[in-house]
Protein chains: 2
Amino acid sequence: MGVTRVYSYTLAGKAGVTPEQVRKDFSEYGIKGNRRGGYLTESLIRAIEVIFSRDRKSNVVVVGMGNLGQALSRYERFAGRGINIVATFDIDPYKHKSRSDIHVYPMERLEEITERFGVTVAILAVPEISAQEVCDELVNLGIRGIVNFSPVLLKVPQYVVVNNVNLSDEIESVILSVRRMKEEQTLFL
Amino acid sequence: MGVTRVYSYTLAGKAGVTPEQVRKDFSEYGIKGNRRGGYLTESLIRAIEVIFSRDRKSNVVVVGMGNLGQALSRYERFAGRGINIVATFDIDPYKHKSRSDIHVYPMERLEEITERFGVTVAILAVPEISAQEVCDELVNLGIRGIVNFSPVLLKVPQYVVVNNVNLSDEIESVILSVRRMKEEQTLFL
DNA sequence: TGTATTTTGTGAATTGTTTCACAATAGATC
DNA sequence: GATCTATTGTGAAACAATTCACAAAATACA
Ligand SMILES: NC(=O)c1ccc[n+]([C@@H]2O[C@H](COP(=O)([O-])OP(=O)(O)OC[C@H]3O[C@@H](n4cnc5c(N)ncnc54)[C@H](O)[C@@H]3O)[C@@H](O)[C@H]2O)c1
Ligand SMILES: NC(=O)c1ccc[n+]([C@@H]2O[C@H](COP(=O)([O-])OP(=O)(O)OC[C@H]3O[C@@H](n4cnc5c(N)ncnc54)[C@H](O)[C@@H]3O)[C@@H](O)[C@H]2O)c1
C-alpha cells in the first residue's frame, strides 16, 4: 500500500493497546525505530515474522474431526500464519470416507504420519471423555504441544505444552460482562 | 457422587492453580468454607452458579454460518452453561436451506428475532472483511456483547463488550512455546 | 546552521496479581 | 473435655505488568 513508516500510536490504535506497550514490547525484542521517523514497515514486518517464526512453517495434525475439527481443518488462512495442517484423524470409520476436500485418517496411522512430517503440535478436538486418553497417545508419539478444545485439564509431562481453549468460557465471559454493565447502568438511574 | 466436602487443594489440583488462589477467589466473592472441614459441595456449586449467572439462561445468536458458525451452533453442551442459541443468521441464501438440524435465517430477520428473544449477546463468525459492517448492524439492533472470531479489532461504543477469540493466535502460541522449549533443551546438551 | 517539533526508548512510579506465612478455628482423637 | 491436627481466611511480601514522564535523537523548517 506504499506505507513505509508506522508509529507506535498507529499500531497501538489498531491493536487496542497503548503506544507505550507497543514500544516496550518492540524494545524487549530488539526492534529499533527511528526517533521522529517511527518504524520502517518493511524491516518491522520481517522482524515480527522472525520473532513468531512465521518464516518457518510448522506441521500440525487435527485429532477429532467432529464439528470443531472439521471447521478448523477447512480454514485456509492458517497457512499464512505458518500453520500447516498435514493430516486429520478420527476414531469413527464413518468420518474416514472423505465427504469433502479434507482427508480423515484412522488413528492407527497417527504414528506413521506424525513421524513422516515431523509433527510436534496437535490440535485436540475430541469429546471430553476421550481427551486424556488421546492426549496420552499423542504424548507417547512424541507430540510436544497440544491445543486442547475440550473442557478438561490434561495431565502431561512438564516437557509438553498445553493451551486450553474453552469456547464456553469465552462466551460466558461476555454474557457476564454485559449483565454487570447493565446492572451498573441501572444503579445510575 | 456422594462427595459433600471439598478442599481448596483438591479444587486447585483439578483446575491447575494454587490452593491460595482458590481461597482468595472464593473469599473475594464471599464464599465461606469451614476451617478444617473445607467447602460444602452443595452450597459451593449453588454459589458458583449464582456468581456466573448460570441460574438464568442467556439468549444468544450466531451470525455467520460458515465453518465455525456451524460448529458452534451444533454444540449441545452450551445449554448446560446457560448459553441458549436461539437462532443463527447468514447472508448467503444457499445457507438458508437448512441441510441439517439447525435453521439459518436471512439477515433481514435479525431485528425481529433479537427483539422477540431479548438477545443481547451475539457470536460473530463472518469473514474478516464483513466483520465491522455486521458488528455495526448488531450494535444498532441493541446487541451489547460480541464474541468475535474474526481477526480484526472491532470499533464499538464503550457500552458494548467485545471478546476477541483468535484461534490462529492460540495455535501459534503453542508452536512458539514448543520451539522455545526445544531450543532451551538443545543448549543444555 | 540553529531552533522547534516529533517520536522513540526506557528508568521510575504505579497498579495489579500471586504467593507466603500464620493466626483463627472447626473438627478429630484420646 | 483437653489436646492435637487440618484447613481456612487474609494481611503482608514478593512478583509482574502497565503507565508515566522525560531525556535523547532524528527530522523539519526557518
Ligand atoms: N463445537 C463447539 O462449538 C465446541 C464448543 C466448546 C467446546 N467444544 C469441545 O471441543 C471438543 C470437540 O467438540 P465437537 O463439537 O467437535 O465434538 P464432536 O462430538 O462433534 O466431535 C468429536 C470427534 O472426535 C471423534 N473421537 C471420539 N473419540 C475419539 C478418539 N478416542 N480418538 C479420535 N477421535 C475420537 C469423534 O468420532 C468425533 O468425530 C469437545 O471436547 C467439546 O467439548 C466444542
Ligand atoms: N474456521 C476456523 O477454524 C477459523 C480459524 C480462525 C479464525 N476464523 C475466523 O472466523 C470467522 C469465520 O470463519 P469461517 O471459517 O467460519 O468462515 P466461512 O467463510 O466458512 O464462513 C463465513 C460465513 O459468513 C457469511 N457471511 C459473509 N458475509 C456476511 C454478512 N455480511 N452477514 C452475514 N453473514 C455473512 C458467509 O456466507 C459464510 O457462511 C472468520 O473471520 C475467520 O477469519 C476461523
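Just so it is clear: chains get the letters A, B, ... in the order the sequence lines come, proteins before strands, and each one is counted from 1.
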Note to self: Looking at D:dT19, I'd like to know if its phosphate oxygens (OP1 or OP2) sit under 4.0 Å from a side-chain N or O belonging to A:Thr18.
What the structure shows: yes
Note to self: Below 30° counts as parallel, above 60° as perpendicular, anything between as tilted: where do the rings of B:Phe78 and B:Tyr75 land?
What the structure shows: perpendicular
Check: Would you say the side-chain atoms of A:Asn59 pair up with the backbone N or O of A:Val86, donor to acceptor, closer than 3.5 Å?
Finding: no
Check: Would the B:His96 and B:Tyr94 ring centres measure less than 6.0 Å apart?
Finding: no
Notebook entry, point to check: Rounded to whole angstrom units, what separation is found between the CD1 atom of A:Ile31 and the P atom of C:dG9?
Noted result: 10 Å
Note to self: With a 4.0 Å limit, can you tell me whether B:Tyr29 has a side-chain N or O closer than that to the phosphate oxygens OP1/OP2 of D:dG9?
What the structure shows: no
Notebook entry, point to check: Expressed in angstrom and rounded to an integer, what is the separation of A:Glu20 atom CD from D:dA21 atom P?
Noted result: 10 Å
Note to self: If the test is side chain to side chain contact (heavy atoms under 4.5 Å, CB included), which one of B:Val174, B:Ile175, B:Val178 qualifies with A:Thr120?
What the structure shows: B:Val178
Item checked: Protein-nucleotide distance (A:Arg23, atom CZ; D:dA23, atom P), rounded to Å -> 15 Å
Notebook entry, point to check: Between A:Glu112 and A:Arg116, does a salt bridge (Lys or Arg N to Asp or Glu O under 4.0 Å) hold up when you go through it step by step?
Noted result: CA-CA 6 Å; A:Glu112 171 208 336; A:Arg116 175 138 54 95; 3.2 Å; yes
Notebook entry, point to check: When rounded to the nearest 0.5 angstrom, what distance separates CG in B:Asn84 from OG in B:Ser58?
Noted result: 8.5 Å
Next item on the list: Please check the phosphate of D:dT8 (OP1 and OP2 only) for any side-chain N or O of B:Ser8 closer than 4.0 Å.
Entry: yes
Margin query: Using whole Å, what does the distance between atom P of nucleotide D:dG9 and atom CG of B:Leu44 come to?
Written below: 11 Å
Checklist line | C:dT10 OP1/OP2 closer than 4.0 Å to side-chain N/O of A:Ser27 | finding: yes
Notebook entry, point to check: Measuring from B:Leu68:CG to B:Ser150:OG, what's the distance to the nearest 0.5 Å?
Noted result: 10.5 Å
Margin query: Treating B:Gln70 as the side-chain partner and B:Met65 as the backbone partner, does any N or O pair qualify as donor plus acceptor under 3.5 Å?
Written below: yes
Notebook entry, point to check: How close or far is atom P of D:dG9 from atom CG of B:Asp25, stated in whole angstroms?
Noted result: 13 Å
Next item on the list: Output, in order, the C-alpha distance, side-chain angles, deciding distance and verdict of salt bridge (Lys or Arg N to Asp or Glu O under 4.0 Å) for A:Arg81 and B:Asp169.
Entry: CA-CA 9 Å; A:Arg81 288 286 293 268; B:Asp169 285 354; 2.5 Å; yes
Check: In whole Å, what is the span from the NZ atom of A:Lys32 to the C1' atom of D:dA26?
Finding: 15 Å
Margin query: Can you build the contact string for nucleotides 24-30 of chain C? Use B for base contact, S for sugar-phosphate-only contact, and - for no protein heavy atom under 4.0 Å.
Written below: BBBBS--
Next item on the list: Write down the distance between OH (B:Tyr7) and P (D:dT8), rounded to a whole number of angstrom.
Entry: 8 Å
Check: B:Phe26 CZ to C:dT18 P: how many Å, rounded?
Finding: 15 Å
Margin query: Please encode protein proximity along nucleotides 12-17 of chain D as a string of B, S and -, counting only heavy-atom distances under 4.0 Å.
Written below: B-----
